[in-house]
Asks: 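Shown below is the structure under consideration.
Here is how names work: the chains are called A, B, and so on, in the same order as the sequence lines, proteins then strands, and each is numbered from 1. Only heavy atoms go into these numbers, but all of them, side chains included; no hydrogens, no water, no symmetry mates.
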Amino acid sequence: MRTHRCGDLRPEHIGTTVSLCGWVARRREHGEHLAFVDLRDHSGITQCVVNDDVDVRSEYVVRITGVVRARPEGTVNPGLPTGEVEVGECVVEVLRRADPPPFPIDARADAVDENIRLQYRYLDLRRERMQRNLRVRAAVNSAVRAAMERQAFVEVETPMLVPSTPEGAREFLVPSRKEPGSFYALPQSPQLFKQLLMVAGVDRYYQMARCLRDEDLRADRQYEFMQLDMEMSFVGQDDVLHAVSEAVLAAAEAATGERPPPIERMTWRESMERFGVDKPDLRFGLELVELTEVFASTGFKAFAGADSIKAINVPGRAAEFGRNQLDKLTDRAKQIGAKGLVWLKVTGEAGEAGEAGDVGFDSPVAKFISDDEAAAIRERTGAVPGDLVLIVADDWHTTCEVLGTLRNDLGRPPVHEGPYRYVWIVEFPLFVGVDAATGRPKPGHHPFTSPHPDDVDRIESDPMTVRSIAYDLVLNGWELGSGSIRIHEPELQRRVFTALGISEQDAARKFGFFLNPFEYGAPPHGGFAFGLDRLVAILAGEENIREVIAFPKTQSGADPMTNAPVPGDPKQLAELGLRVLPPSS
RNA sequence: GGUCCCGUGGUGAAGUCUGGAGUUCACGCCGGCCUGUCAAGCCGGAGGUCGCGGGUUCAAGUCCCGUCGGGACCGCCA
């Protein structure tokens with residue numbers, strides 16, 4: 001039907017007769033004998049000149065045949081890739097009339113209520129931005145596959161109907177028709193299967209895996225999402241990191257045209273100390289400053305005896321923060337778990353080089369801070385008049401977390417601004433926090449994660465200090481994915497289970513179908529999984545993964561286009577042996 | 001489960017704090033004019049359950065209560 005696409009035509013095509021198919025983006029009529037029709041398809045827009053009366057409206061589907069010619073002097077449109085040429089002597093065939101769309105099919109729809117965009121997603125996707133996002137996604141998928149194939153990974157598909165597993169995210173359940181009252185679960189990840197593929201001798205497995213988790217949705221979380229899932233045998237951490245890096249860097253190059261530099265590494269401990277989070281955004285400063293020693297013998301009650309005292313210095317922004325905003329910062333700090341937040345506005349005149357000058361703090365607690373302490377704060381944070389210093393004193397983890405959150409709130413640029421800063425976070429703790437019910441440590445990654453060999457001795461004596469061979473990949477403050485080297489020896493697995501408070505009977509009951517196969521010869525192995533939606537969103541310059549998913553759900557898990565979810569049909573329910581309870585009051 | 005923001009012709013906004021006739025702006029839509037425009041221009045027109053329900057009031061888009069929908073976040077996401 002067509003000889004070219006709407007974004008193809010250039011001066012080199014002048015003189016050729018072409019046929020274009022697409023949607024009418026705009027129509028500019030100048031009386032009966034001259035009209036401009038901008039024709040759009042996924043590749044772009046071309047201006048077509050019609051010298052007859054023509055009845056086309058916005059979004060009509062048409063085929064236009066004409067001759068490519070240079071635009072007359074002074075009418076070139078530099079804003080359009082095809083702007084040096086136009087198609088003249090046009091014959092227009094209307095293939096399908098169209099109702100006026102509910103919103104303009106161009107960048108103006110960026111401002112339209114997202115619910116309406118989702119209700120008419122097929123129109124939203126017709127727009128340049130969304131077409132670009134779909135194609136960035138396709139390019140990333142393709143590059144990732146190619147990188148995995150190059151490295152001798154074998155694509156294996158794992159089932160979507162799996163047994164429910166006790167740990168981890170809430171699962172979607174699928175009722176069994178043949179066994180009423182029994183259910184499949186949809187996989188929150190192919191974790192168990194991929195490790196069994198290692199037992200099976202597959203050696204290197206990968207899959208573009210759809211994962212489903214029935215947890216509340218966020219800007220970076222949907223019920224269903226895609227992971228590059230992979231697992232390797234007879235490897236250590238460096239091998240896994242290298243293989244994943246190849247895929248991620250190839251994907252980045254495919255999306256942006258530029259291959260990023262090798263991905264740097266940082267320990268979890270350093271990330272927490274410097275950035276207060278385990279997914280640091282390295283694009284900006286505002287790093288945490290250590291002050292615990294400064295207040296070792298302080299008279300200030302809020303700081304005395306605190307496990308950890310840290311600060312961030314927000315340069316030059318003291319004046320922005322009135323009492324109201326400072327109260328909001330304090331509320332935010334409390335929301336994260338802090339007992340309070342100390343703020344100091346640095347006042348006065350900085351001294352000449354080497355001189356202290358006449359510098360003070362404007363703060364409700366200024367009178368509790370000694371001159372020596374004040375000088376140490378200024379020296380360590382580098383604070384000068386006009387700066388806002390925020391201090392938290394609490395246990396180490398809370399102090400880091402609160403300031404890390406404030407750091408992000410106060411300094412984090414939009415995700416598409418500035419450079420891409422990839423970083424591996426390594427040496428995560430094996431255990432994180434304590435289970436309120438059992439009083440036992442909780443696994444940081446999952447219960448099959450290998451402890452760091454240097455720390456194995458402390459599993460029993462000092463479990464909370466044991467590091468693991470688990471690692472995360474982080475890009476511009478977003479967690480892209482995580483992985484670990486797995487335990488393949490039963491003795492070590494037993495010790496970790498014991499630390500977790502899982503008895504042998506529990507282990508057999510909960511994980512038996514998974515662990516028994518290891519008895520037939522599990523190779524040392526490890527793997528990784530990273531979220532493709534998140535990677536694509538950042539590479540496409542989007543703040544929200546819904547923008548890179550063709551048909552996403554809203555925050556409440558609904559699809560305004562299909563109206564899913566819908567009430568169960570009584571016949572279907574009966575066949576499945578299900579009865580719906582009335583909503584609890 | 002919780003906190004905060006939003007809901008006004010097809011679309012986006014103003015109006016809400018401080019109650020007084022569905023008022024306004026831009027885009028779109030319909031009709032007319034127009035031979036070089038390009039998010040064309042000019043003239044005219046149509047289009048509304050102010051998300052929904054209740055309350056206060058002589059009077060509610062505006063105040064109060066509830067509810068539904070959307071978004072950001074906390075919890076949750078081994």
Asks: Sorted by first residue and then second, give each side-chain hydrogen bond (donor to acceptor under 3.5 Å, both in side chains) pair with at least one member in residues 209-220 of chain A; sequence neighbours left out.
Replies: Arg210(A)-Glu224(A)
Asks: Go ahead and name the base partner of U56(B); Watson-Crick or wobble counts if both distances stay under 3.5 Å, otherwise write none.
Replies: none
Asks: Given atom CH2 of Trp478(A) and atom P of C77(B), what is their separation to the nearest angstrom?
Replies: 20 Å
Asks: Is it true that atom CZ of Arg97(A) has more than 12 heavy atoms of other residues, nucleotides or ligands lying nearer than 6.0 Å?
Replies: no
Asks: Is a donor-acceptor pair below 3.5 Å formed from side chain Arg170(A) to base G75(B), judging by atom type as modelled?
Replies: no
Asks: Nearest whole Å is fine: how far is G71(B) C1' from Glu543(A) CD?
Replies: 14 Å
Asks: Which one is paired to A40(B), where only Watson-Crick or G-U wobble pairs with both distances under 3.5 angstrom count?
Replies: none
Asks: Mind checking the P distance from U3(B) to A40(B)? Whole angstroms is fine.
Replies: 47 Å
Asks: How far, in whole Å, is A60(B) from G22(B) if one measures between their P atoms?
Replies: 9 Å
Asks: Just to verify, what does Gln119(A) make a side-chain contact (heavy atoms from CB on, under 4.5 Å) with, not counting sequence neighbours?
Replies: Pro560(A)
Asks: Holding to side-chain hydrogen bond (donor to acceptor under 3.5 Å, both in side chains), I want the full list of residues that pass it with Arg412(A), two or more places apart in sequence or in another chain.
Replies: Asp281(A)
Asks: Tell me whether Lys553(A) is salt-bridged to Asp559(A), with the criterion being a basic N under 4.0 Å from an acidic carboxylate O.
Replies: no
Asks: Whole Å only: how far is the CG atom of Asp278(A) from the C1' atom of C77(B)?
Replies: 13 Å
Asks: Between Ile116(A) (CD1) and G70(B) (P), how many Å, whole number?
Replies: 12 Å
Asks: In whole Å, measure the gap between the P atoms of U8(B) and G36(B) for me.
Replies: 41 Å
Asks: Mind calculating the distance between CD (Glu59(A)) and P (U11(B)) to the nearest angstrom?
Replies: 16 Å
Asks: Under the salt bridge (Lys or Arg N to Asp or Glu O under 4.0 Å) definition, can you give me all pairs with a residue in residues 112-121 of chain A, not counting sequence neighbours?
Replies: Glu114(A)-Arg546(A), Arg117(A)-Asp124(A), Arg117(A)-Glu547(A), Arg121(A)-Asp124(A)
Asks: Does G22(B) pair with anything, Watson-Crick or G-U wobble, both distances under 3.5 Å, and if so, with which nucleotide?
Replies: none
Asks: In Watson-Crick or G-U wobble terms, both distances under 3.5 Å, what is the partner of G69(B)?
Replies: C6(B)
Asks: Can you pull out every salt bridge (Lys or Arg N to Asp or Glu O under 4.0 Å) where at least one residue sits in residues 61-83 of chain A? Sequence neighbours excluded, please.
Replies: Arg63(A)-Glu93(A), Arg69(A)-Glu86(A)
Asks: Would you kindly give the CG-to-P distance between Leu217(A) and C77(B), to the nearest whole Å?
Replies: 15 Å
Asks: How far, in whole Å, is C65(B) from G70(B) if one measures between their P atoms?
Replies: 23 Å
Asks: Is it the case that more than 12 heavy atoms not belonging to Asp462(A) sit under 6.0 Å from its CG atom?
Replies: yes
Asks: Can you tell me whether the side chain of Arg221(A) and the base of C76(B) have a donor-acceptor pair closer than 3.5 Å?
Replies: yes
Asks: In whole Å, measure the gap between the C1' atoms of C27(B) and A39(B) for me.
Replies: 9 Å
Asks: Using whole Å, what does the distance between atom C1' of nucleotide G71(B) and atom CG of Leu118(A) come to?
Replies: 11 Å
Asks: Please report, rounded to the nearest Å, how far the C1' atom of C74(B) is from the CG atom of Leu406(A).
Replies: 14 Å
Asks: Look at the side chain of Asp216(A) and the base of G75(B), then say whether one donor and one acceptor between them are separated by less than 3.5 Å.
Replies: yes
Asks: Is there any protein nitrogen or oxygen under 3.5 Å from a nitrogen or oxygen in nucleotides 6-8 of chain B, and what are the pairs?
Replies:
none

Asks: What integer number of Å spans the P atoms of U62(B) and G1(B)?
Replies: 29 Å
Asks: With P as the reference atom in both, quote the distance from U57(B) to G71(B) in angstrom, rounded to an integer.
Replies: 38 Å
Asks: Just grab all the salt bridge (Lys or Arg N to Asp or Glu O under 4.0 Å) pairs involving residues 328-337 of chain A, residues at least two apart or on different chains.
Replies: Arg332(A)-Asp409(A)
Asks: Tell me every residue that passes side-chain hydrogen bond (donor to acceptor under 3.5 Å, both in side chains) with Glu320(A), counting only those two or more places apart in sequence or in another chain.
Replies: Arg317(A)
Asks: Scan nucleotides 34-42 of chain B nucleotide by nucleotide, 5' to 3', and note B when protein non-hydrogen atoms come under 4.0 Å of the base, S if they reach only the sugar-phosphate, - if neither.
Replies: BBBBBBB--
